[in-house]
Amino acid sequence: MNESMRVIYQTVLNRDPNQPEFHQAVEEVLESLGPVIESRPEYMPVVKSIVEPERIIQFRVPWYDDEGTLNVNRGFRIQMNGAIGPFKGGLRFHPSVNQSILKFLAFEQVFKNSLTGLPMGGGKGGSDFDPKGKSDAEVRRFCQSFMMELWRHIGADLDVPAGDIGVGGREIGYMFGMYRKLANEFTGVLTGKGMSYGGSLIRPEATGYGTVYFAREMLATKGKSLEGAKVAISGSGNVAQFALEKVLDLGGKPVTLSDSSGFIYDSSGIDREKLAFVMDLKNERRGRIKEYADTYGCEYTASSPEPNLNGLWGVDVDIALPCATQNEMNGEEAKMLVENGCIAVAEGANMPCTPEAIECFHENGLLFAPGKASNAGGVATSGLEMSQNSLRLNWSREEVDQRLEEIMVNIHKNTADTAKEFGMEGNYVAGANIAGFLKVAEAMEAQGLL
Ligand code: NDP
Ligand code: 2IT
């Protein structure tokens, strides 16, 4: 990191010494921005500003469980940067949620949203509520209480939340209902909505599909493709499921999935029928991935302690798609992938690879796609949902998928070209950070750095 960036990074460390995930995300971006500041020193004040959220909202979320006992969770919304459009980003419900995790996610979102080319600022929110093991009625009461406070801070032209870990169609539905009641209006204030009340086709598929479109583009630069490639996928939620589906579409062979309890390795390949089983298991019955191994008689390895996915990345594959959570792959695990001849890694999750893992990929010449580029298809399609809501029109499945694919191809081109322009050809991390930054920086400067 160059000296001027180090000064800013030190301020971030001093201000919030207990936010390791936020520090990790900021450090990576500041490392990339050195060459930009050398050619554009007037952007220094932008960098100083961009690491500080515009606004952080924290609130109490009281809710009654099925026994009639009062539970109190903590709710947050981080409005990180609104220079290029309304704040936009998901809500995460997971017991690990705290300010550090949401600030890292909101920070990444600023650059990601800029890369999509759509007018969306960056934000993130959520709660330390754990939906696991809760009844539908408990989840509904929680979502309603959460929205009872959040509604006054969001709006279709102000801040538009969506899903993330632990927040899918069910939760968005409950929150949308409460927003509509409190605000007394029907607007596109949330994305990831159901099709009967303003949702967009392809939004559920978009993050996973987009990640695989990006991987396809990277592979093509080396004259390679997904056809016949063995693919390791982690997670078994929204992103993992649809990444897997698109890998099958493109002729690849997915062999792993995981959840926080462990992972399965199915050497015969996870086909469409098995994927349908996973979707029912995870989305309807909300069961554990171990049931897959029990049903299809493949290998299952329990992970302990959570969130250690150790072992999954030791499987012999050509391509790896981490689609579960942050820091799920460390340097040692990255080395195992390299030793097994893996040629490409595309992040479906946000920041799943540690800095050591990324360094290992770069040193060994692997194609590596950072999440803020490769998983941008989800938020991009949220942007398309917002457009359709404003137009009061619905586009067809083919039309949305085609726009998503175009956006991913453009993000790939933009990140690759930017890396080359700044003398770091093949480094998609630098390309994504710099290209994402430049648009936001121009807007912030034009608006007087408020
Ligand atoms: P889901 O809640 O649908 O699925 C998350 C999956 O990851 C589950 O299999 C879950 O297992 C596993 N997981 C979550 N936390 C941990 C943990 N601490 N240790 C091990 N496994 C874990 O979430 P999504 O699929 O939507 O999100 C996955 C990742 O993709 C996240 O990083 C998210 O930020 C990112 N992302 C999501 C987008 C979206 O549109 N949904 C867009 C862009 C990025 P279990 O059920 O056991 O907890
Ligand atoms: O991390 C992400 O980009 C998301 N969770 C999706 C955000 C969105 O607004 O669709």
Side-chain angles (χ1 to χ4, degrees), residues 21 85-97 101-102 104-113 115-116 118 120-126 130-133 159-172 190-193 200 202-211 233-244 257-264 278-279 281-283 286-290 303-310 312 321-329 347-353 371-386:
E21 292 85 2
F87 303 107
K88 180 86 196 85
L91 296 170
R92 177 177 291 191
F93 292 169
H94 192 271
S96 63
V97 162
I101 288 180
L102 295 181
F104 116 63
L105 289 163
F107 186 70
E108 295 269 302
Q109 199 82 47
V110 172
F111 300 86
K112 183 195 305 190
N113 293 4
L115 287 172
T116 65
L118 300 172
M120 301 183 290
K124 201 86 187 190
D130 186 359
K132 256 193 226 107
D159 184 352
V160 183
D164 194 80
I165 290 177
V167 178
R170 175 182 61 168
E171 292 73 20
I172 293 290
L190 295 170
T191 59
K193 299 186 291 299
S200 173
I202 300 288
R203 176 61 189 89
E205 292 89 341
T207 311
Y209 278 17
T211 301
I233 301 175
S234 64
S236 50
N238 174 264
V239 181
Q241 291 169 16
F242 289 104
L244 197 152
L257 283 173
S258 70
D259 61 22
S260 54
S261 310
F263 77 94
I264 57 120
V278 172
M279 288 180 171
L281 172 70
K282 286 292 170 184
N283 310 345
R286 299 181 193 272
R288 311 307 298 158
I289 199 68
K290 181 173 184 303
S303 67
S304 165
E306 204 182 11
N308 186 0
L309 296 180
N310 218 350
L312 193 157
L321 305 176
C323 297
T325 193
Q326 65 274 357
N327 293 327
E328 57 166 302
M329 191 197 301
E347 294 186 330
N350 285 306
M351 208 167 80
C353 300
K372 59 170 80 75
S374 47
N375 74 34
V379 74
T381 308
S382 280
L384 301 178
E385 183 172 331
M386 290 165 73

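When a ligand or atom number is given, it counts from 1 through the structure's own listing order. Just so you know, these numbers come straight off a predicted model, no measurement behind them.
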**Item:** Option set Thr325, Leu105, Leu312, criterion heavy-atom distance to atom 16 (C) of ligand 1, minimum
**Value:** Thr325
**From Arg92, Lys124, Lys372, Glu385 - option closest to atom 4 (C) of ligand 2 by heavy atom** = Lys124
**Message:** So if I count the atoms of ligand 2 from 1 in the order they appear, which ones are less than 4.0 Å from some heavy atom of Gly89?
**Reply:** 7 (C), 9 (O)
**Prompt:** At a 4.0 Å threshold, what atoms of ligand 2 neighbour a non-hydrogen atom of Lys112?
**Reply:** 1 (O), 2 (C), 3 (O)
Proximal ligand 1 atoms for [X], defined as those under 4.0 Å from one of its heavy atoms:
{"X": "His94", "value": "15 (N)"}
{"X": "Asn350", "value": "32 (O), 33 (C), 34 (O), 35 (C), 36 (N), 44 (C)"}
{"X": "Gly235", "value": "9 (O)"}
{"X": "Cys323", "value": "28 (C), 29 (C)"}
{"X": "Ser236", "value": "9 (O)"}
{"X": "Lys132", "value": "45 (P), 46 (O), 47 (O), 48 (O)"}
{"X": "Ser258", "value": "9 (O)"}
{"X": "Arg92", "value": "31 (C), 32 (O), 33 (C), 34 (O)"}

**Request:** Tell me, please: is Gly163 in heavy-atom contact with ligand 2, that is, under 4.0 Å?
**Result:** yes
**Prompt:** Closer than 4.0 angstrom: is that true for some heavy atom of Arg203 and an atom of ligand 2?
**Reply:** yes
**Message:** Under 4.0 Å, heavy-atom basis, I'd like to know which part of Asn350 is in contact with ligand 2: side chain, backbone, both or neither.
**Reply:**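 Contact part for Asn350 vs ligand 2: side chain (C-beta onward).
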**N/O separation below 3.5 Å, Pro161 to ligand 2** = no
**Request:** Measure the shortest side-chain to side-chain distance between Ser260 and Arg288 over non-hydrogen atoms and say whether it is less than 4.5 angstrom.
**Result:**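 Ser260 vs Arg288: side chains touch.
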**Prompt:** Can you tell me if Ala240 has a non-hydrogen atom under 4.0 Å from ligand 1?
**Reply:** no
**Request:** Check if Gly168 has a non-hydrogen atom at a distance under 4.0 Å from any atom of ligand 1.
**Result:**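 Heavy atoms of Gly168 never come under 4.0 Å of ligand 1.
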Does [X] approach ligand 1 within less than 4.0 angstrom via side chain, backbone, both or neither, non-hydrogen atoms only?
{"X": "Arg288", "result": "side chain"}
{"X": "Arg203", "result": "side chain"}
{"X": "Thr207", "result": "side chain"}

